[in-house]
There are 2 protein chains.
Amino acid sequence: MTNPTQRAAQLASAPIWPPMTDQMPTVAQLCQSILARHQDTISVRKPSIALPRLQRILEAAIDLSNKGGFQAMSLRDLSRETGMSAGGLYAYFDSKTTLLKMILAEVADLVQRILSNPPADVTRDPVTHLRWLIDTHLRMTEALLAWFTFAFMEAKNFPPAERRMAVDSEMLTESFFSAVILRGIEGGAFRPDTSPLLPALIKPLLQEWYVKRAKYRRRGITLDAYSAEVQQVVLRACLPERGGAALAPMTRAPIG
Amino acid sequence: MTNPTQRAAQLASAPIWPPMTDQMPTVAQLCQSILARHQDTISVRKPSIALPRLQRILEAAIDLSNKGGFQAMSLRDLSRETGMSAGGLYAYFDSKTTLLKMILAEVADLVQRILSNPPADVTRDPVTHLRWLIDTHLRMTEALLAWFTFAFMEAKNFPPAERRMAVDSEMLTESFFSAVILRGIEGGAFRPDTSPLLPALIKPLLQEWYVKRAKYRRRGITLDAYSAEVQQVVLRACLPERGGAALAPMTRAPIG
DNA sequence: CCTTATCGAGCGAGCGTTCGGTAGATATTG
DNA sequence: CAATATCTACCGAACGCTCGCTCGATAAGG
């Protein structure tokens with residue numbers, strides 16, 4: 001357990017964690033994962049053909065859905081955009097709903113994979129761990145903006161089964177924040193009267209970034225600036241009074 | 001301009017503003033406003049008939065849309081739910097899109113009406129004003145939950161014109177927060193280095209309450225508790241260090 | 001008996017999905 | 001290696017259905 005002075009000193013310098021770029025998956029990798037998970041419903045066998053086609057389909061579907069919504073996207077739109085015929089598309093999914101489930105499940109799985117694998121040196125200190133969770137979540141959504149926008153916009157208005165999936169994924173994300181904050185309280189890094197509501201409030205602040213991406217782009221707000229601000233708001237809500245004073249603007253330092 | 005000690009003392013007691021119940025409109029009043037605004041497209045002339053019918057239509061439309069989305073709600077569904085025929089419905093709107101615009105415009109207008117009319121004694125102090133804005137917004141959405149849920153869920157996925165309307169409404173709300181925070185900085189109530197991003201972060205925290213209403217109901221979180229927590233998070237982000245320490249749990253005291 | 005408010009069958013358009021057909025790659029055979 | 005057979009990946013017309021919306025008929029009140 002560190003005392004306030006030690007923590008203040010620790011916070012004064014921006015923590016540096018390894019660049020996420022390494023472990024942030026490419027769209028091609030996501031599609032490969034989807035292809036593997038849906039071998040039984042995808043009738044095209046040769047990966048050299050299936051993979052680029054599936055990627056083209058998914059990217060087009062996400063793109064079309066992100067203007068107008070998934071329901072509003074017709075398979076004729078998708079057919080035109082991908083250059084494939086209506087019948088041809090059905091070699092890659094057995095219903096429009098399955099197409100949607102493919103994407104949602106992959107996004108939910110990605111969040112879990114990334115957030116549950118922090119670098120070892122990050123988890124030593126709850127403050128650093130919390131900041132890493134916030135920063136990493138933001139960078140992940142930034143790297144796969146269209147995918148997360150899609151998942152957010154379409155998770156509502158769903159058949160109960162898919163809706164449950166979205167709710168579970170959200171609860172899991174919140175649990176990451178809950179766990180580290182609880183650990184911080186127990187270890188004395190966070191104030192003991194930190195509100196149990198705080199973890200729930202972090203998620204909407206992270207969603208704001210990619211849902212309203214256009215707004216922040218228009219205003220010239222960088223991801224670094226947004227990340228720093230969310231970290232600051234959250235830490236001011238859970239750090240003891242003195243710790244908060246030492247808060248320096250903080251994000252991961254650019255590497256390379 | 002107050003000094004820190006004065007402000008701390010002021011904050012220690014929960015501010016009390018008049019109950020919003022008085023000025024919070026009923027659904028019937030909203031419908032009356034909509035009826036007046038759409039006289040030209042509504043062909044039914046006698047208000048004694050038009051008003052209850054319109055209310056029935058709007059409430060059913062919001063209800064049906066809030067499970068499944070506006071697009072998924074068919075006019076046959078609406079016909080069944082209201083007990084009116086397809087043709088009969090078209091005496092109250094000239095297209096499905098108009099029906100949607102009626103509701104969105106009314107909600108946007110309501111937000112503007114309520115938030116731009118704070119009680120006189122609230123506006124004297126930026127801290128109280130800011131807390132009033134947060135608390136009032138939450139109570140407004142609580143009183144008209146279905147309407148705000150509808151507006152939030154359907155504001156995306158829109159023709160550009162309606163989308164612009166939603167964006168403008170959101171910007172207006174943010175501007176209320178911006179103005180009072182700026183005033184607080186100038187008057188010395190808020191720290192001079194308060195992030196210009198803070199106003200933008202308040203909105204998602206308020207939306208969270210009605211968008212995820214079921215989650216907080218399940219957890220037994222009351223509106224008072226949620227309001228207090230959001231106020232605390234926001235004030236910790238903009239109050240000078242000392243002021244934050246004096247923060248007592250705060251909401252409008254219930255008036256019996 | 002005209003006006004007002006409502007009805008409900010029905011229109012054309014567009015939806016998700018299916019399925020018979022086929023070109024080209026691949027495997028099998030002599 | 002040429003000829004043949006098989007398979008893979010895809011096409012696109014067509015099907016059954018639901019959609020938003022219209023319009024002539026109709027009922028009720030003054």
Side-chain angles (χ1 to χ4, degrees), chain A residues 31 34-35 38-58 60-61 64-65 67-103 154 157-159 162, chain B residues 31 35 38-58 60-62 64-65 67-103 154 157-159 162:
Chain A
C31 291
I34 292 176
L35 183 59
H38 291 81
Q39 277 180 328
D40 45 337
T41 62
I42 298 180
S43 74
V44 179
R45 300 260 58 93
K46 298 198 321 193
S48 65
I49 292 181
L51 206 100
R53 287 273 200 276
L54 182 65
Q55 179 166 347
R56 193 173 173 76
I57 291 170
L58 294 177
L64 287 168
S65 294
K67 27 181 185 273
F70 183 76
Q71 293 229 53
M73 175 201 71
S74 75
L75 292 188
R76 283 161 182 82
D77 293 337
L78 190 58
S79 169
R80 184 172 9 86
E81 199 69 13
T82 57
M84 296 180 67
S85 69
L89 291 175
Y90 272 77
Y92 293 87
F93 48 81
D94 52 15
S95 78
K96 199 186 173 192
T97 303
T98 298
L99 177 60
L100 179 137
K101 282 197 281 194
M102 283 179 175
I103 303 172
E154 306 305 335
N157 309 345
F158 262 7
E162 285 76 15
Chain B
C31 292
L35 184 60
H38 291 82
Q39 276 181 328
D40 46 335
T41 62
I42 297 180
S43 74
V44 179
R45 298 260 61 92
K46 299 197 320 193
S48 65
I49 293 181
L51 206 101
R53 287 269 201 277
L54 181 64
Q55 178 167 347
R56 194 173 172 75
I57 291 170
L58 294 177
I62 290 173
L64 287 168
S65 294
K67 25 181 186 274
F70 182 77
Q71 293 230 51
M73 176 201 71
S74 74
L75 291 186
R76 285 162 180 82
D77 293 338
L78 190 58
S79 171
R80 184 172 7 86
E81 200 69 12
T82 57
M84 296 179 66
S85 68
L89 291 175
Y90 272 77
Y92 293 87
F93 48 81
D94 53 14
S95 78
K96 200 188 172 191
T97 303
T98 298
L99 177 61
L100 179 138
K101 281 196 282 194
M102 283 179 176
I103 303 172
E154 306 305 334
N157 309 345
F158 261 7
E162 286 76 15

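Quick note on labels: first sequence line is chain A, next is B, and so on, each numbered from 1. If you're wondering where the values come from, they're calculated on a predicted model, not measured in any experiment.
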Among C:dT26, D:dG20, D:dC10, the nucleotide that comes nearest once only the side chain of A:K46 is considered: C:dT26
Interatomic distance where CG belongs to B:L51 and P belongs to C:dA5 [whole Å]: 14 Å
OP1 or OP2 of C:dC15 under 4.0 Å from side-chain N/O of A:S74: yes
Interatomic distance, B:L78 CG vs D:dG20 P [rounded to whole Å]: 10 Å
Along DNA chain C (nearest heavy atom to each residue), the more 5'-positioned of A:A86 and B:S43: B:S43
Atom-to-atom span, CG of A:L75 to P of D:dC11 - whole angstrom: 14 Å
Donor-acceptor pair (no angle test) under 3.5 Å: A:R76 side chain, C:dG14 base: no
Closest to side chain of A:S85, choosing from D:dC10, C:dT17, D:dG20: D:dC10
Length of the CZ-P vector between B:R80 and D:dG20, whole Å: 12 Å
Between D:dC10 (P) and A:I42 (CD1): distance, integer Å: 11 Å
Sugar-phosphate, base or nothing in reach of B:F93, heavy atoms under 4.0 Å: nothing
Closest heavy-atom pair and its distance - B:E154, B:G69: OE2-CA, 3.5 Å
Touch class at under 4.0 angstrom, heavy-atom based, for A:S95 against every strand present: sugar-phosphate
Value in whole Å for how far the C1' atom of D:dG20 lies from CG of B:D94: 12 Å
Residue A:Y92, side-chain heavy atoms: nucleotide from D:dC10, D:dG20, D:dA13 that is nearest: D:dC10
Minimal non-hydrogen separation, B:L78 against B:I57, with atom names: CD1-O, 3.8 Å
Selection from C:dC7, D:dA9, C:dG16 that lies nearest to any side-chain heavy atom of A:I49: D:dA9
Interatomic distance where NZ belongs to A:K96 and C1' belongs to C:dC15 [whole Å]: 8 Å
B:R45, nearest nucleotide to its side chain (from C:dC7, C:dA5, C:dT18): C:dA5
Sugar-phosphate only, base, or nothing, as touched by A:L89 at under 4.0 Å among non-hydrogen atoms: nothing
Closest approach of B:F93 to B:M102 (non-hydrogen atoms, all atoms of both residues): CB-CE, 4.2 Å
Nearest-0.5 Å distance, CG of residue B:L35 to OH of residue B:Y92: 9.0 Å
Six-ring centre of B:F70, B:K96 cation under 6.0 angstrom, axis tolerance 45°: yes
Minimum-distance pair of heavy atoms, taken over all atoms of B:P52 and B:P47: CD-O, 3.8 Å
Contact nearer the 5' end of DNA chain C, comparing A:G87 with A:F70: A:F70
Sugar-phosphate, base or nothing in reach of A:A91, heavy atoms under 4.0 Å: nothing
Atom-pair distance (OH on A:Y90; C1' on D:dA13), nearest Å: 15 Å
